[in-house]
Protein chains: 2
Amino acid sequence: MATTSVTSSSRTDSASEKLRREILDGLAAPGDLLAESAVARRLGVSRVPVREALFDLERDGLVEFSETGRAYVKRLAPADFEELFVVRLALEPLASRLATPQLRSTTEALERNIAATQRSKTVQQVTRLDLDFHEIILTASGNTRLLKLWSSMRAELELWLGRLHRRHQFQTSETQRETIAAHTAIVQGFRTQSPAECERIMRQHIQGWREWLPVLAENE
Amino acid sequence: MATTSVTSSSRTDSASEKLRREILDGLAAPGDLLAESAVARRLGVSRVPVREALFDLERDGLVEFSETGRAYVKRLAPADFEELFVVRLALEPLASRLATPQLRSTTEALERNIAATQRSKTVQQVTRLDLDFHEIILTASGNTRLLKLWSSMRAELELWLGRLHRRHQFQTSETQRETIAAHTAIVQGFRTQSPAECERIMRQHIQGWREWLPVLAENE
DNA sequence: GATTTCCAAACGGTATACCGATTTATTTTT
DNA sequence: AAAAATAAATCGGTATACCGTTTGGAAATC
């Protein structure tokens, strides 16, 4: 809902989407070489759109380039997650505060998001909707730059969460329950219409992620 | 100093740098069409590197694409500057706080930057060094993500300042004096080694930019 | 004179081809 | 058997070519 889902006509975009999905779904292992020719052959397009798609994915943090220009599926280091966390803590409480005035109309979208989360069957869906929830608030802040910066981290966040779930085989129902509880509390807090309270509750929510850091330290 | 200045070997990068300079120096007017073929002919390379350079510049906020895929020199709206200001206020005081532990080694770099600013002869140099000063602090924060997000706004900030200067014909000496005074005060504040104080003084510094908002409102 | 129609030029998206550099496999040397 | 040299395959950077679409202006119409 919050993401662009128009069926793009350009081959660059469709190549980008296919590769993005393969990486997020874990079909491509971290460190795997994404050679232009091989990908092009596999996707049935020429190298040019693939090349541009790879640049797109690099911008989104799903692909990294070696010094010699080769593209690999992004490898994650726990320190990266810590950094993402620090930056979210700078952006999201601020966005919550800025969103306060326009929040009445946004609350509906947030509640629809929670309802959809309740209907979710897979961890992937829950994750997607979780990030959508936050993106709704960033959008409501009215600061397009703030939204753009946050969006530039979204794919990477999804990558982290996906790999975490696959590695630790979380119970879908538990992830679902926790997400719904946390988001419901946020919507409640937003009902106060107090900028300070909105900012505080979002800060608290994001700080909850700190619990994951020890788990992440176990990663490769 | 803080920016990459290696003479890039790839034609994409050199095309990107040439175009970047043309836009920042105001040689290309806002809204000008940057047609791939024309640019390629002018720079003596083929369309492919130009095409990729244009995507780079879009990412840096110096170029915007129309729905039909044409590239134009970025047009600025005063609201964009306000947004940049809000985001800097979220990132830079935080970076200052995070940089506190490593600050002793950084202070030297900052002082060298101020000295270079004193030696500057043109407004462009002062502007470049001004942004370098801030980038030094972002780098010292140790949070590469924070640095990356800030860097993604740098070119656009430079674009704004350049157009402002050309439009209002500021006295170089005055800009220089103000910049030096402000940065010297920041370094002084940093000497306290207090995270809270470093954060505060940077917030105050950036808020000083608010004065420009009325001026910017006169822009197209 | 203003508006619409139509056409030629220009443009962007993409496939293909070429080349030097890099990587990988093979062979030679120690 | 290990290491070094060499050969073969692969890869990325880039030029060129082709095609459908967009665009801007001329011609036609009102």
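Here is how names work: the chains are called A, B, and so on, in the same order as the sequence lines, proteins then strands, and each is numbered from 1.
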Asks: Considering every strand and a 4.0 Å limit on heavy-atom distances, what is the contact class for Arg70(B): base, sugar-phosphate, or nothing?
Replies: sugar-phosphate
Asks: Go nucleotide by nucleotide along DNA chain C from the 5' end; which of Val48(A) and Leu54(B) gets its closest nucleotide reached first?
Replies: Leu54(B)
Asks: Checking ring pair (Phe, Tyr, Trp, His ring centres under 6.0 Å) for the pair Phe55(A)/Phe65(A): CA distance, chi angles, key distance, verdict?
Replies: CA-CA 9 Å; Phe55(A) 289 143; Phe65(A) 280 85; 5.4 Å; yes
Asks: Ion pair present between Glu22(A) and Arg42(A), side-chain N to carboxylate O less than 4.0 angstrom?
Replies: yes
Asks: Nearest of dT14(C), dC11(D), dT23(C) to any side-chain atom of Thr68(A)?
Replies: dT23(C)
Asks: Taking only the side-chain nitrogens and oxygens of Thr12(B), find out if one of them lies under 4.0 Å from OP1 or OP2 of dT14(D).
Replies: yes
Asks: Without decimals, in angstroms, what is the distance between Arg47(A) CZ and dA17(D) C1'?
Replies: 16 Å
Asks: Would you kindly give the CG-to-P distance between Asp56(B) and dG13(D), to the nearest whole Å?
Replies: 12 Å
Asks: Using whole Å, what does the distance between atom P of nucleotide dA21(C) and atom CD of Glu36(A) come to?
Replies: 18 Å
Asks: What I want to check is whether the side chains of Glu135(B) and Ser151(B) have a donor and an acceptor closer together than 3.5 Å.
Replies: no
Asks: What is the separation between atom CZ on Arg41(B) and atom P on dT16(D), rounded to the nearest whole Å?
Replies: 13 Å
Asks: Send over the distance from Asp13(B) CG to dG13(D) P, rounded to a whole Å.
Replies: 10 Å
Asks: Atom CD of Glu67(A) to atom P of dT23(C): distance rounded to whole Å?
Replies: 10 Å
Asks: In whole Å, I'd like the distance from the CD atom of Glu52(A) to the P atom of dT14(C).
Replies: 7 Å
Asks: Is it the case that the side chain of His165(B) and the backbone of Leu161(B) share a donor-acceptor pair, with hydrogens and angles ignored and the cut-off at 3.5 Å?
Replies: yes
Asks: Of all the choices, dT14(D), dG13(C), dC11(D), which nucleotide is nearest to the side chain of Arg51(A) once you look at every atom?
Replies: dT14(D)
Asks: Arg11(B) has an atom CZ; how far is it from atom P of dC18(C), in whole Å?
Replies: 17 Å
